[in-house]
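Inspection log for the structure reproduced underneath, given as structure tokens.
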There are 2 protein chains.
Amino acid sequence: MQNSEALALAAALLAAAGDLTQRINDGVVSRGFEARPAWGFAFARLAPDGATVTELAAHLGVTKQAASQLVDEIVRKGYAERRPHPADARARLVVLTERGWACTRAAEEAAAEAVREWTDVLGEGEVRALRERLGRIAPYGPIRPAW
Amino acid sequence: MQNSEALALAAALLAAAGDLTQRINDGVVSRGFEARPAWGFAFARLAPDGATVTELAAHLGVTKQAASQLVDEIVRKGYAERRPHPADARARLVVLTERGWACTRAAEEAAAEAVREWTDVLGEGEVRALRERLGRIAPYGPIRPAW
DNA sequence: CGACATGGTCAAGCAGCTTGACTATATGGC
DNA sequence: GCCATATAGTCAAGCTGCTTGACCATGTCG
């Protein structure tokens, strides 16, 4: 593979990621929620059982302060709430509210809608293969900003 | 495809894009250049024959002022220079210097190196197919930030 | 030639992140 | 039981990269 091909792959990857992110965000907004794309990663971490600010920060790859600000915002807008941590009086458990869950479902619907357009172009098997291959080359650990 | 699958695809795409971007940037830095990931898109537009600030802004999807700041920086660091535009006295043509070209080549090498690791996992044909499919679903036009 | 469009810059402001300092609680050695 | 140290979280200040708004110089077209 030529060097310039590799750069083109990077560009295509970023373009696809940006496009999909934009579409998901638009879809979420059109369903009556306001959300910044970065929230998706926060919600994904909060979804199962909640998380502390520090855990969230590690997951997002930012400082505790930045994570705390993000939590401030989603709490202020009613998507999550801070509760006392059951086992550690220093910590506070951030959990999604019902509205937060609704927003998460909206994001899933929007994502499915966006991916459906890809399915129309590539076919379902190809899209599934795409997802599987991406998963193999970039395990989904802590988030690193795309640039 | 289930809704949650679609979100997982988006996450995998962003993770892969972020990972690749990070690796390319690291590779460029280790070759003795300092570059911010966003520069890649600027350099790509400047590479053939130069571009005006306005063209660059449109390509990057930001304001003229932001593009101008970016140009200030890469000029200050010796990667490009502003020349009078041959056909329009209002405009100034931003062109890469020899150092700019060297940095571009370093980015291509770094990208090739990063993609090579993927090739080891997926095989060359798969990676090529990945690039081709990504190209089909997200034509590489103006850049939209990933989030 | 004059009216408007376009390329570019200057200035101010804002959002999201950082580092640094601090308080409150937890943990482990003695 | 107590103290030293580590950890969860917040407050405050600052930086960077973007934005909007205003402006000048040049081009284009009636």
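By convention in this document, chain letters (A, B, ...) are assigned in the order of the sequence lines, proteins followed by strands, and residues within each chain are numbered from 1. The structure displayed is predicted, hence computed values, not measured ones.
If you check every strand for non-hydrogen atoms under 4.0 Å, B:A66 touches a base.
The pair B:E126-B:R128 does not count as a salt bridge, with every side-chain nitrogen at least 4.0 angstrom from each carboxylate oxygen.
Contact detail for A:G27 and A:A110: the closest heavy-atom pair is CA-CB, 3.8 Å.
The A:A89 side chain lies nearest to C:dT25 when the options are C:dT25, C:dG7, C:dT18. Distances from the side chain of B:D88 to the nucleotides C:dA26, C:dG7, D:dT19 place C:dG7 closest. Among the nucleotides C:dT18, D:dT7, D:dG27, the one closest to the side chain of A:V62 is C:dT18. Residue A:K64 places its side chain closer to D:dT10 than to any other of C:dG7, C:dA26, D:dT10.
Side-chain N/O atoms of B:R82 include none lying less than 4.0 angstrom from OP1 or OP2 on C:dG7. At the phosphate of C:dG8, OP1 or OP2 sits under 4.0 Å from a side-chain N or O atom of B:T54. Phosphate contact (OP1/OP2 of C:dT9, side-chain N/O of B:S68, threshold under 4.0 Å): present. Note on A:T52: a side-chain N or O is less than 4.0 Å away from OP1 or OP2 of D:dG9. Using a 4.0 Å cut-off, no side-chain N or O of A:R92 falls inside it from OP1 or OP2 of C:dT25.
Here the OG1 atom belonging to B:T104 is positioned 8.5 Å from the CZ atom belonging to B:F33, to the nearest 0.5 angstrom.
Following rounding to the nearest Å, A:D72 (CG) and D:dA8 (C1') show an atom-to-atom distance of 15 Å. For A:H85 and D:dG9, the NE2 to P distance is 8 Å, given to the nearest whole Å. Straight-line distance from the CG atom of A:L70 to the C1' atom of C:dA15: 12 Å, rounded to whole Å. Between the CG atom of B:L56 and the P atom of C:dT6 there is a distance of 19 Å, rounded to whole Å. A straight line from CZ of A:R90 to C1' of D:dA8 spans 6 Å, rounded to a whole angstrom.
For the pair A:A87 and A:T63, nearest-nucleotide mapping onto DNA chain C gives the more 5' position to A:T63.
Side-chain contact between A:V115 and A:R23 is absent, with no heavy atoms from C-beta onward closer than 4.5 Å. The closest side-chain heavy-atom distance from B:T52 to B:E55 is below 4.5 Å.
A:L46 and A:W101 fall within a single hydrophobic cluster, where Ile, Leu, Val, Met, Phe, Trp and Tyr are joined by side-chain heavy atoms under 4.5 Å apart, directly or via other members. Hydrophobic clustering (ILVMFWY, side-chain heavy atoms < 4.5 Å, transitive): A:L20 and B:L130 are in one cluster.
Not a single donor-acceptor contact under 3.5 angstrom links the side-chain atoms of A:Q65 to the base of C:dG16.
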Show me the protein contacts with nucleotides 13-17 of chain D, counting only N or O atoms at under 3.5 Å.
none

